[in-house]
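Structure, as structure tokens:
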Amino acid sequence: MSQKVRVRFAPSPTGGLHLGGVRTVLFNYLFAKKHSGDFIVRIEDTDQSRFVVGAETYIFDCLKWCGLTPDESVVHGGPYTPYRQSERKVIYRQYAEQLVKNGHAYYAFDTPAELEKMRELLKTKGSSSLQYDHHVRMSMNNSLRLLAEETQHLLDAGTPYVIRIKILPNDFIPFKDLIRGDINFDTNTVDDKVLLKADGMPTYHLAVVVDDFLMKITHAFRGEEWLPSAPVHILLWKHLFGLDVMPQWAHLPLILKPDGNGKLSKRDGDRLGFPVYAMDWSDPGTNEITKGFKEIGFLPEAFINLLAVLGWNDGTEQEIFSMEELIEKFNIEKVHKGGAKFDFEKAKWFNHEWIKKLAVAHYYQRVKNIFESNGIDITDENYLKKVMELVKERCTLLPDFYTQGSFFFRAPVSIDIAAIQPKWDDKKNLFFIELLKTWELSTLWDATDLEVSFREIAAANQLKTGELMLPLRIMLVGGKFGPGVFEIAGTIGKEATITRIEHTLSLIE
RNA sequence: GCCGCGUUGGUCAAGAGGUUAAGACGCCUCCCUUUCACGGAGGAAUCACGGGUUCGAGUCCCGUACGUGGUACCA
């Protein structure tokens, strides 16, 4: 098959973009790009009751941040427009009617109350299945049981109805999943799913099949939760377009909660203190903001990287992959079958690695914004970059640059006097007074010169430099952290260094 | 309940019949660094369990347990 590879990501605009969603996009994207194919984003907004304003724009913002650019979509255009299912409503009905005509589907007039009654009845009868299927359909209110005239009469009267697929019992539906291999479904266990809803909208089942066909999708990768309904989709392909043009399937494993059991949800993130969404999501109904990976300080490179290796690896020891490497090395058949528990510690490790790996210019603007939102105006770009270079290896998340580097811009707010007080004595005090005198006269001001004079004075006073470096650090930084202390003094400059030493000295006395 | 899918250290995982069962995160010890971090050395798993098949099984088959998904006019 030399057909051009075409994949799609088909989100519903119902809220924040979940980790698992991004990974689904990513695997689709990687596969498409690896095979020089197209990546399509189709909005599946067929459930009007769940529609959320802003969710669609938000999804595209997330994709943009992640660097996963669609080739075709509602915003990028393309030859198969419209890419929003609500705007394709008329198309689906034609296919649904066609199925009815060919005997593969039927009209059903059952009201929700009647459906409820049916299930209750099945339950009391101790039936193993509560499904609307060949066991019960001939006792329901549908065009299979009704006479043709009766059906027509109901239709003419404008009675609400749905169109359901007619699943024939005692059959098997085999298909190949790129990740799971051969799978075989017994039609006795699949129900007569609704294809077209009473409001005229298609359900997911009809819409995916029709759109995947119309948009010439060659590979359909989606979450594992779709596996049980795969036989319905395959039957639809068979009846509508033929199995020979059906895309190849792959059902991706789920991302699970780190503790306990179950699928990772937004609530778990709130509970355990880490994000689950790609970017901040603000619920238009409640105005509640849910934190995103971007906003807590993740780099998109790291986010993509950690998602890619959650459920996939190339079989080597490599763990750090750029998007280019992922495109080159990705292989859908090496994706795991089992779900993976999400580990936020490891996620942070990826970010740390990417902060170290990337040039600071890559994320300079974001760090600058963090400093400015903390009240530090950045007037000298090179100075901030120098600071970033100095502290980057101790930063895991972008806001760490502020906590690790704010003292390069202003005197520490709190000084950990307790760390020097116990070992403080007159000799040390005199040392610092002498140091101040020397440094005040100093015309040169760089790390190595400062260290030399520092050591000379220490030696002259018969003091160990080690016992003096910690106090100096506390004076300049406020605490026991940061890069080399002379590096710091050299960077913040003569005036700041002297002021801070004097200040702390006055606190000790 | 029924149906599907899955199960290698706390977590992510390599492994496609014969290996001392990789590596990473986290944890612990040590080295480097008279801060913190980076970097380096080292420590901890018999592969869910029970049966098979085989000269030989983490790797193949069956069963059980556990987990997970579905069972909507939601996707």
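Throughout, protein chains are lettered first and strands after them, A, B, ... in sequence-line order, and every chain is numbered starting at 1.
In this structure, the CG atom of D192(A) is 11 Å from the P atom of rC73(B), given to the nearest Å. Put simply, CG on N313(A) is 14 Å from P on rG23(B), counting in whole angstrom units. A straight line from CD of Q131(A) to P of rG1(B) spans 16 Å, rounded to a whole angstrom.
Within the nucleic acid shown, S128(A) comes within 4.0 Å of at least one base atom, counting heavy atoms only. Across all strands shown, A340(A) has heavy atoms under 4.0 Å from sugar-phosphate atoms exclusively, and none from any base. Residue F350(A) is out of contact with every strand shown, counting any heavy-atom pair closer than 4.0 Å. Note on H251(A): nothing from the nucleic acid sits closer than 4.0 angstrom, heavy atoms only. Note on K123(A): nothing from the nucleic acid sits closer than 4.0 angstrom, heavy atoms only. Nucleic acid contact for R119(A): sugar-phosphate only, since backbone atoms but no base atoms lie under 4.0 Å from a heavy atom of the residue. Note on K392(A): nothing from the nucleic acid sits closer than 4.0 angstrom, heavy atoms only. Using a 4.0 Å heavy-atom cutoff across all strands shown, D110(A) reaches at least one base atom of the nucleic acid. At the heavy-atom level, V162(A) lies under 4.0 Å from base atoms of the strands shown.
Spacing of C1' atoms, rC61(B) relative to rU53(B), comes out at 7 Å, to the nearest Å. Of the P atoms belonging to rC38(B) and rU29(B), the separation is 15 Å, rounded to the nearest Å. To the nearest whole angstrom, the two P atoms, one in rG43(B) and one in rA48(B), are 24 Å apart. A distance of about 9 Å separates the C1' atoms of rC27(B) and rG10(B), rounded to the whole Å. Comparing rA22(B) with rA14(B), their P atoms sit 14 Å apart, to the nearest whole Å. Distance noted for atom P between rG1(B) and rC28(B): 42 Å (whole Å). Taking atom P on both nucleotides, rG15(B) is separated from rU7(B) by 13 Å, rounded to a whole Å. For the C1' atoms, the distance from rG58(B) to rC49(B) is 14 Å, rounded to whole Å.
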Candidate pair F431(A) and L468(A), rule side-chain contact (heavy atoms from CB on, under 4.5 Å), full reasoning:
CA-CA 9 Å; F431(A) 165 82; L468(A) 300 164; 3.7 Å; yes
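The existence of a salt bridge linking R137(A) and D192(A) is confirmed by a sub-4.0 Å separation between a basic side-chain nitrogen and an acidic carboxylate oxygen.
In terms of phosphate contacts, K337(A) brings no side-chain nitrogen or oxygen within less than 4.0 Å of OP1 or OP2 of rG69(B). Proximity of R164(A) to the phosphate of rC73(B): a side-chain N or O atom is located under 4.0 Å from OP1 or OP2. OP1 or OP2 of rA75(B) has at least one side-chain nitrogen or oxygen of K197(A) nearer than 4.0 Å.
A side-chain donor from one of N170(A) and N188(A) sits under 3.5 Å from a side-chain acceptor of the other.
Nucleotide rU59(B): unpaired (no Watson-Crick or G-U wobble partner with both distances less than 3.5 Å). Base pairing annotation: rU34(B) forms no Watson-Crick or G-U wobble pair, as no partner gives both donor-acceptor distances under 3.5 Å. Base pairing analysis places rU29(B) opposite rA41(B); the two distances defining the Watson-Crick or G-U wobble pair are each below 3.5 Å. Pair assignment for rU11(B): rA24(B), on the basis of Watson-Crick or G-U wobble contacts that are both within less than 3.5 Å. The partner of rU54(B), taking Watson-Crick or G-U wobble pairs whose two distances both stay under 3.5 Å, does not exist in any strand shown. rG4(B) is paired with rU68(B) under the Watson-Crick or G-U wobble criterion, all donor-acceptor distances under 3.5 Å.
By the 30° and 60° cut-offs, the orientation of the rings of W281(A) relative to Y58(A) is perpendicular.
Y204(A) and H233(A) have their aromatic ring centers within a separation under 6.0 angstrom. Aromatic pair W354(A)/F298(A): ring centres not closer than 6.0 Å. When ring centroids are compared, F342(A) and F274(A) come within the 6.0 Å threshold.
Contact of K193(A) with rA72(B) (side chain to base): no donor-acceptor pair of N or O atoms is detected under 3.5 Å.
For P160(A) and R23(A), each mapped to the nucleotide of RNA chain B holding its nearest heavy atom, the one lying further toward the 5' end belongs to R23(A).
A 4.5 Å side-chain heavy-atom check between P471(A) and F432(A) finds at least one atom pair inside the cut-off.
Judged by the 6.0 Å and 45° rule, R8(A) forms no cation-pi pair with F39(A).
Here the options are K263(A), K337(A), R180(A), the test is salt bridge (charged side-chain N to carboxylate O under 4.0 Å, His left out), and the partner is E224(A); only R180(A) passes.
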When you check every protein heavy atom under 4.0 Å of nucleotides 33-39 of chain B, what one-letter string (B, S, -) results, 5' to 3'?
-BBBBSS
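With rC12(B), rC25(B), rC74(B) as the choices, the nucleotide that has an atom nearest any side-chain atom of W349(A) turns out to be rC25(B). When distances run from any side-chain atom of E44(A) to the nucleotides rA75(B), rA24(B), rG15(B), the shortest one goes to rA75(B).
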